[in-house]
A.B. asks: 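First, the structure itself, so that you have it in front of you.
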Amino acid sequence: QEEIKNHIFKSSKKNGDGIEISANISSVKDENNKVLYYEGTVEDITHKKTSEKLKIAKESAEMANRLKSEFLANISHELRTPMHGVLGFAKLGRDKINSAGRDKLKRFFDEIVSSGGSLMDLLNDLLDLSKLESGRSDYKFREDLLSTAISAVIDELQVLTLDKNLDLKFKRPDTEQVFVFDIHKIMQVIRNLLTNAIKFSNRNNPIEITIQNCVDGDEVLLSIKDYGIGIPEDELDSVFDKFIQSSKTNTGAGGTGLGLAISKQIVEDHKGKIWVEQNETKGVTFFMKIPKNLPASHATKEQN
């Protein structure tokens, strides 16, 4: 070898302390292209490497603190808003119990129930994430059709699609096979993805849900395509991180950014994969790919 550039190797001092050294060496030749000798420099870069590691650690800590601050701000908003609803309408009902009509009191109770439901959803998300990350979440794997889970979620969210007059299209494969999965957990994933598609779609836009059998026949692919506001290219991977929201969807109106993180964990627990891609025109498409047959050890261990 006639030249070595920025070759890093480890050595140690006489006292045993480890050091990192960068070597730059080149050959010196005569007129016949014969190597006469080598010359170069050797630099102790231990301090530089340490500084780089400290810088990376500092940046990671700053990022963690920023995410924690954003999470606390978001969670405070998410808790405060429905709690105001619960307390506000409960106080109204208490103060007007002898003067308000039954219809008005019923409206107060309806608002309390709605706000309480929002609080419960938030707490369930936090609990779900905690259980999933610690491996304490219970899975009940059994044979079923993916279309069964999708149809159930579509029925649940029908009011939201009708409210925005969205054209929801569900395309099944010509032949759909049963496979082993936890239908309630996968419904949670579909619910998160479809709710996002509805939330960030404009009125009268289409949403396309498709099930495909993969070429090798061992996996099933679900896609949910919307024509909404989309996600920037450099944020497509990070939207699955905890407490992260896209810059296009993080409008300051709240939201913990837990839904997609929970969805990713559920899909990975099914030995599958979830990702998102930009559409050629508008919006994004979320994909979920799951094996039709879980590894025997996994299915046996978890199946109930």
A.B. asks: Parallel under 30°, tilted from 30 to 60°, perpendicular over 60°: which one fits the rings of F89 and F108?
C.D. replies: tilted
A.B. asks: Please round to the nearest 0.5 Å and tell me the distance separating atom NZ of K104 and atom CZ of R107.
C.D. replies: 7.0 Å
A.B. asks: Do V180 and L145 sit in the same hydrophobic cluster, where Ile, Leu, Val, Met, Phe, Trp and Tyr count as joined when their side-chain heavy atoms come under 4.5 Å apart?
C.D. replies: no
A.B. asks: For a side chain to side chain contact (heavy atoms under 4.5 Å, CB included) check, start with the C-alpha distance between R191 and Q188, then their side-chain angles and the critical distance, and finish with the verdict.
C.D. replies: CA-CA 5 Å; R191 188 180 298 114; Q188 188 175 358; 4.1 Å; yes
A.B. asks: Once rounded to the nearest 0.5 Å, what's the spacing between atom CE of M83 and atom CG of L119?
C.D. replies: 5.0 Å
A.B. asks: Does the S114 side chain pair with the main chain of D110, one donor and one acceptor, at a distance under 3.5 Å?
C.D. replies: no
A.B. asks: Give the minimum heavy-atom separation between S22 and I8, together with the two atoms involved.
C.D. replies: CB-CD1, 3.6 Å
A.B. asks: Would you say I262 and I266 make side-chain contact, with heavy atoms under 4.5 Å?
C.D. replies: yes
A.B. asks: What's the verdict on side chain to side chain contact (heavy atoms under 4.5 Å, CB included) for R172 and S151, showing C-alpha distance, side-chain angles and the deciding distance?
C.D. replies: CA-CA 11 Å; R172 299 174 174 85; S151 297; 3.1 Å; yes
A.B. asks: Check whether M288 and I154 end up in the same hydrophobic cluster, where Ile, Leu, Val, Met, Phe, Trp and Tyr are linked by side-chain heavy atoms less than 4.5 Å apart.
C.D. replies: yes
A.B. asks: After noting the C-alpha distance and the side-chain angles of I231 and F286, does the key distance pass the side chain to side chain contact (heavy atoms under 4.5 Å, CB included) rule?
C.D. replies: CA-CA 11 Å; I231 299 172; F286 279 88; 4.2 Å; yes
A.B. asks: Side chains of I190 and L146, heavy atoms from C-beta outward: is any pair under 4.5 Å?
C.D. replies: yes
A.B. asks: Show the nearest heavy-atom pair for residues I224 and A197, with the distance to one decimal.
C.D. replies: CG2-CB, 4.2 Å
A.B. asks: Are I25 and H7 close enough, and set up right, to give a side chain to side chain contact (heavy atoms under 4.5 Å, CB included), and what steps lead you there?
C.D. replies: CA-CA 9 Å; I25 301 172; H7 177 68; over 6 Å; no
A.B. asks: State whether the side chain of D226 and the backbone N or O of S201 hold a donor-acceptor pair below 3.5 Å, judged by distance alone.
C.D. replies: no
A.B. asks: What are the two closest non-hydrogen atoms of I274 and S263, and how far apart are they?
C.D. replies: CD1-CB, 4.2 Å
A.B. asks: Distance check, rounded to the nearest 0.5 Å: H184 atom NE2 versus D144 atom CG?
C.D. replies: 9.0 Å
A.B. asks: When you measure from the side chain of K225 to the backbone of G283, do you find a donor-acceptor pair of N or O atoms at a distance under 3.5 Å?
C.D. replies: no
A.B. asks: Given 3.5 Å as the limit, does a donor-acceptor pair link the side chain of T195 with the main chain of N192, or not?
C.D. replies: no
A.B. asks: For I198 and L160, work out which heavy atoms get closest and say how close.
C.D. replies: CG2-CB, 4.0 Å
A.B. asks: In terms of relative ring orientation, are H270 and F181 parallel, tilted or perpendicular, with 30° and 60° separating the classes?
C.D. replies: tilted
A.B. asks: Would you indicate whether K164, at its atom NZ, is surrounded by more than 12 heavy atoms from other residues, nucleotides or ligands within a distance under 6.0 Å?
C.D. replies: yes
A.B. asks: Are any non-hydrogen side-chain atoms of M120 and P82 less than 4.5 angstrom apart?
C.D. replies: no
A.B. asks: With distance as the sole test, does D30 use its side chain to make a donor-acceptor pair with the main-chain N or O of L36 at under 3.5 Å?
C.D. replies: no
A.B. asks: Distance check, rounded to the nearest 0.5 Å: I150 atom CD1 versus L194 atom CG?
C.D. replies: 9.5 Å
A.B. asks: If you count every heavy atom of other residues, nucleotides or ligands that lies below 6.0 Å from N32 atom CG, does the total exceed 12?
C.D. replies: yes
A.B. asks: Do L236 and V189 share a hydrophobic cluster (ILVMFWY, side-chain heavy atoms under 4.5 Å, transitive)?
C.D. replies: yes
A.B. asks: Atom CD of E277 and atom CD of E233: how far apart are they, to the nearest 0.5 Å?
C.D. replies: 9.0 Å
A.B. asks: Any non-hydrogen side-chain atom of E39 less than 4.5 Å from a side-chain atom of Y37?
C.D. replies: yes
A.B. asks: Are F170 and L222 connected in the hydrophobic side-chain network, where two residues link if heavy atoms are under 4.5 Å apart?
C.D. replies: yes
A.B. asks: With no hydrogens and no angle check, just 3.5 Å: does a side-chain donor-acceptor pair link D269 and Q265?
C.D. replies: yes
A.B. asks: Answer whether the closest heavy-atom distance between the side chains of E111 and L92 falls below 4.5 Å.
C.D. replies: no
A.B. asks: Is the number of heavy atoms from other residues, nucleotides or ligands within 6.0 Å of CZ (R94) greater than 12?
C.D. replies: yes
A.B. asks: Between side-chain atoms of residues 202-211 and protein atoms elsewhere (two or more places apart, or another chain), which donor-acceptor pairs fall under 3.5 Å?
C.D. replies:
| residue | atom | partner | partner atom | Å |
| --- | --- | --- | --- | --- |
| R203 | NH1 | D163 | O | 2.7 |
| N204 | OD1 | N165 | ND2 | 2.6 |
| N205 | ND2 | Y227 | O | 3.1 |
| E208 | OE2 | Y227 | OH | 3.0 |

A.B. asks: Does L54 have more than 12 heavy atoms from other residues, nucleotides or ligands lying within 6.0 Å of its CG?
C.D. replies: yes
A.B. asks: Looking at side-chain heavy atoms only, is the closest gap between L193 and L260 below 4.5 Å?
C.D. replies: yes
A.B. asks: Could you pull out the closest heavy-atom pair between D182 and K140, with the gap in Å?
C.D. replies: OD2-N, 2.7 Å
A.B. asks: For the atom pair NZ (K48) and OG1 (T46), what is the distance rounded to the nearest 0.5 Å?
C.D. replies: 11.0 Å
A.B. asks: Indicate yes or no: at least one non-hydrogen side-chain atom of E20 is less than 4.5 angstrom from one of K10.
C.D. replies: yes
A.B. asks: Just wondering, do K289 and L221 contact through their side chains at under 4.5 Å, heavy atoms?
C.D. replies: yes
A.B. asks: Can you name the nearest heavy-atom pair linking G85 to S115, along with the distance?
C.D. replies: CA-OG, 3.7 Å
A.B. asks: Cluster question for you: counting only ILVMFWY and a side-chain heavy-atom cut-off of under 4.5 Å, with indirect links fine, are F287 and I186 together?
C.D. replies: no
